[in-house]
Structure formats: C-alpha cells, structure tokens
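Read through the structure below, which is laid out as structure tokens, and then see the notes.
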Amino acid sequence: MIFYYSATGNSKWIAQKAAEAIGDEAVNILGKDPRSYSFSEKDTVGFVWPVFSCIAPETMIKFAGGIRPNGAYTFSICNYSNFCDLANECFARDAMIPIDSHFGLIMPDNTTVIGSKYDTEETTVERLRTAEERLSPILEKIKSREKGVFETEVRGPGNGEFSRTLPPSFWHYRSFTSRFYVEKDKCISCGLCEKNCPVQAIELRDGYPVWVKERCEVCSACINRCPKEAIEFGNVSQDAYRYTFEKYYKKI
C-alpha cells in the first residue's frame, strides 16, 4: 500500500505510478487512521510526500508514526523543487519507522504563488515532461524490493545543516496564516480550501474561508487549488501562476 500526502498533485501522481507498478493501492492519508491498517512480510508499504523546508510535512510524519510495518518492505519517495538535504533520513527518524530504501525526485515547485522563485511556467512543464522517465528507475528498484538504497537527484550543499536549521526557522517566521486572505467578489463558496487543508486551518463562515488557526504547514493547497483564484497571500501571489499537477501535466 502506498500512502501519500499531496497538496497540489505531485505526490499523488508519484504514489499512483508506484501503486500501478507493484499492483497495489495509493491512499491519501488525509482523514485516515494509520492504526486501521495491518501488514506482514509479504506486503509493501510506501510513503510519498513533498519536502517542506528540507523535512517531511508534520502531517505525514505523524501518520507514518502510527503505521506498524510488521516486516513489510518499506520505502519513501520525497519530491522537491531544488534540493532535499537529509529529508528522507529525518522522516524515518522522526516517524520512528524503519524504511528499507529512500528515494527523491525533482518535481515542479508549488510555492511560487507564495513567493518562491524556483520555477517558472516553462520550467514547470519541462520538469513534468521528464518526470516519468526519471521516476522509472526508482519504480524498478521498488518492484525488486531493493533494500539499502538511498538515492535522490539533488541532495544539496547542506550535509544535514538545512534539515536541522530550516524547520524551526520556518515555524517561527513563515508558518503564520495571517497573510492568507480571500477576495470575496471572486469566491464561489465551493469549500475546496476547507476540504483540502491538511491541518484544518480553514473554515467556511458565511460562505467564505476563514483561517482559524494561527499557523499551518503552508502546503499551498488552498491558494493553488482555488478554482477562481480568489485566495491571495499578501501581495506576493498577485499575478503569480497557480500550480496543480493536473493543470500543467496537460501541457506536456
């Protein structure tokens, strides 16, 4: 079984490809209880997730920490826009779960809309154009249940320093929801932002989204998946393109 956390579709696609390769199922972890799953030595358990500030999302760490592999073959695939540092190793440590092999895949950035500069629409399409080819050797290793593999496309210059220092810096300075707001004249009260928020930081009140928690994971699902582009992030999101895997995969 392949468990995934996906804000804008990258991890979902990877998980579905992995599940297809081994004849298994891809499962979105949101709303799922990890204690409801049981495994044995004959099973494969995978975790697919985006890198946030050089570590795994807290939501994925907490979910994986509740899984008991019971001897199943385990793997993780992280995806990221520039580099991952020691995100995979930190994931296994923080979730306290044995992982037989770790992989990393470069995918389009979904945080351009909240101020990052790692991708353009052109580089986004190019990354998607080569994604399946780059994923293929990873899937072959998973099909063969190879153990002790630690492969990623760009680990980066930190040697663990970024995985250690960026998460607390992000939490203290960048995790606040106060910069999100809705343009009510565009909002159609569809509720997708509330539904897609992995940490339940959004509630619809009088038909409009309200950020009810001081902090969130800033996964960007709410702003990128809004069908009317009604959600903004300060002034950095204005005129910035919104990314979802489904939207841009159609362009390759």
Side-chain angles (χ1 to χ4, degrees), residues 3-13 15-16 26-36 48-53 55-63 66 81 107-119 121 124 167-250:
F3 298 107
Y4 69 88
Y5 172 118
S6 192
T8 52
N10 290 336
S11 297
K12 179 181 179 180
W13 175 78
Q16 289 176 334
V27 176
N28 185 346
I29 68 170
L30 298 189
K32 303 297 192 305
D33 181 357
R35 296 168 299 179
S36 66
V48 183
W49 41 274
V51 172
F52 290 171
S53 297
I55 60 169
E58 185 66 21
T59 299
M60 176 55 92
I61 292 171
K62 289 180 178 179
F63 179 88
S81 60
M107 292 293 283
D109 184 27
N110 71 354
T111 58
T112 300
V113 76
I114 57 175
S116 71
K117 304 297 181 185
Y118 300 122
D119 263 319
E121 291 187 89
T124 287
S169 176
F170 171 83
W171 179 252
H172 286 295
Y173 299 109
R174 297 185 58 203
S175 64
F176 293 97
T177 61
S178 56
R179 297 186 70 183
F180 288 104
Y181 67 94
V182 62
E183 294 186 343
K184 291 185 176 181
D185 59 324
K186 294 181 180 179
C187 180
I188 58 173
S189 303
C190 65
L192 283 177
C193 52
E194 179 183 45
K195 177 182 177 181
N196 290 324
C197 181
V199 294
Q200 296 81 50
I202 302 173
E203 291 181 6
L204 249 60
R205 295 181 178 177
D206 298 323
Y208 299 108
V210 174
W211 282 260
V212 295
K213 292 186 178 180
E214 184 182 30
R215 300 173 187 266
C216 70
E217 291 185 322
V218 195
C219 70
S220 82
C222 62
I223 188 169
N224 278 301
R225 289 201 173 278
C226 177
K228 295 299 182 180
E229 298 188 3
I231 297 174
E232 300 286 356
F233 186 78
N235 59 9
V236 298
S237 61
Q238 295 170 6
D239 300 321
Y241 70 95
R242 269 63 168 165
Y243 172 80
T244 64
F245 176 89
E246 301 88 352
K247 175 182 176 182
Y248 279 88
Y249 197 67
K250 293 177 181 178

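Scope of the values below: all heavy atoms of this structure, side chains included, with no hydrogens, waters or symmetry mates.
The closest side-chain heavy-atom distance from Cys193 to Leu204 is below 4.5 Å. The closest side-chain heavy-atom distance from Thr8 to Ser220 is below 4.5 Å. Side chains of Ser11 and Tyr5 form no contact here, defined as non-hydrogen atoms less than 4.5 Å apart. Ile202 places none of its side-chain heavy atoms less than 4.5 Å from the side chain of Val212. A 4.5 Å side-chain heavy-atom check between Cys219 and Pro57 finds every atom pair outside the cut-off. No side-chain heavy atom of Cys226 sits under 4.5 Å from any side-chain heavy atom of Leu192. Put simply, the side chain of Trp13 reaches to within 4.5 Å of the side chain of Tyr249, judged on heavy atoms. Residues Ile188 and Pro227 have side chains in contact (heavy-atom distance under 4.5 Å, counting atoms from C-beta outward).
Val199 and Cys216 get closest at one heavy-atom pair: CG2-CB, 3.9 Å.
Here ring pair (Phe, Tyr, Trp, His ring centres under 6.0 Å) pairs that include residues 179-206, with residues two or more places apart or in two chains, are Phe180-Trp211, Phe180-Phe233. Applying the salt bridge (Lys or Arg N to Asp or Glu O under 4.0 Å) definition to pairs two or more places apart or across chains, those involving residues 177-189 are Glu183-Lys186. Applying the salt bridge (Lys or Arg N to Asp or Glu O under 4.0 Å) rule to pairs touching residues 232-245 yields Glu232-Arg242, sequence neighbours excluded.
In this structure, the side chain to side chain donor-acceptor pair (under 3.5 Å) partners of Thr59, at least two apart in sequence or on a different chain, are Glu217. Remark: Gln16 engages no residue in a side chain to side chain donor-acceptor pair (under 3.5 Å) (not counting sequence neighbours). Evaluation of the side chain to side chain contact (heavy atoms under 4.5 Å, CB included) rule for Tyr241 yields Thr112, Asp119, Glu121, Thr124, Tyr243, Tyr248 as partners, not counting sequence neighbours. In this structure, the side chain to side chain contact (heavy atoms under 4.5 Å, CB included) partners of Arg35, at least two apart in sequence or on a different chain, are Asp33. Qualifying side chain to side chain contact (heavy atoms under 4.5 Å, CB included) partners for Ala15, counting only residues two or more places apart in sequence or in other chains: Ile2, Tyr4, Ala26, Val48. By the salt bridge (charged side-chain N to carboxylate O under 4.0 Å, His left out) test, Glu203 is found to be paired with Arg205, residues two or more places apart in sequence or in another chain being considered. Scanning for side chain to side chain donor-acceptor pair (under 3.5 Å) contacts around Thr111 gives Asp109, Ser116, with sequence neighbours left out. In terms of the side chain to side chain donor-acceptor pair (under 3.5 Å) criterion, Tyr208 has no residue partners (sequence neighbours excluded). Residues satisfying the side chain to side chain contact (heavy atoms under 4.5 Å, CB included) test with Thr244, not counting sequence neighbours, are Arg225, Glu246, Lys247.
Summarising the geometry, atom OG belonging to Ser6 is positioned 7.5 Å from atom NZ belonging to Lys12; distances are rounded to the nearest 0.5 Å. In this structure, CD1 on Ile29 lies 11.0 Å from NZ on Lys62, to the nearest 0.5 angstrom. Atom-to-atom distance recorded for Ser237:OG and Ile114:CD1 is 9.5 Å, nearest 0.5 angstrom. Between the NZ atom in Lys228 and the SG atom in Cys187 there is a gap of 11.0 Å [rounded to 0.5 Å]. One distance of note links CH2 of Trp49 with CD1 of Ile55; it measures 9.0 Å at 0.5 Å rounding. Rounding to the nearest 0.5 Å places CD of Glu214 at 8.0 Å from OG of Ser175.
The local environment of NZ in Lys213 is crowded, with over 12 non-hydrogen atoms from other residues, nucleotides or ligands closer than 6.0 Å. More than 12 heavy atoms of other residues, nucleotides or ligands sit less than 6.0 Å from atom NZ of Lys32.
Asn110 places no side-chain N or O within 3.5 Å of a backbone atom of Ala221 that could act as its donor or acceptor partner.
Ring to ring, Phe170 and Phe52 are not that close: their centroids are 6.0 angstrom or more apart.
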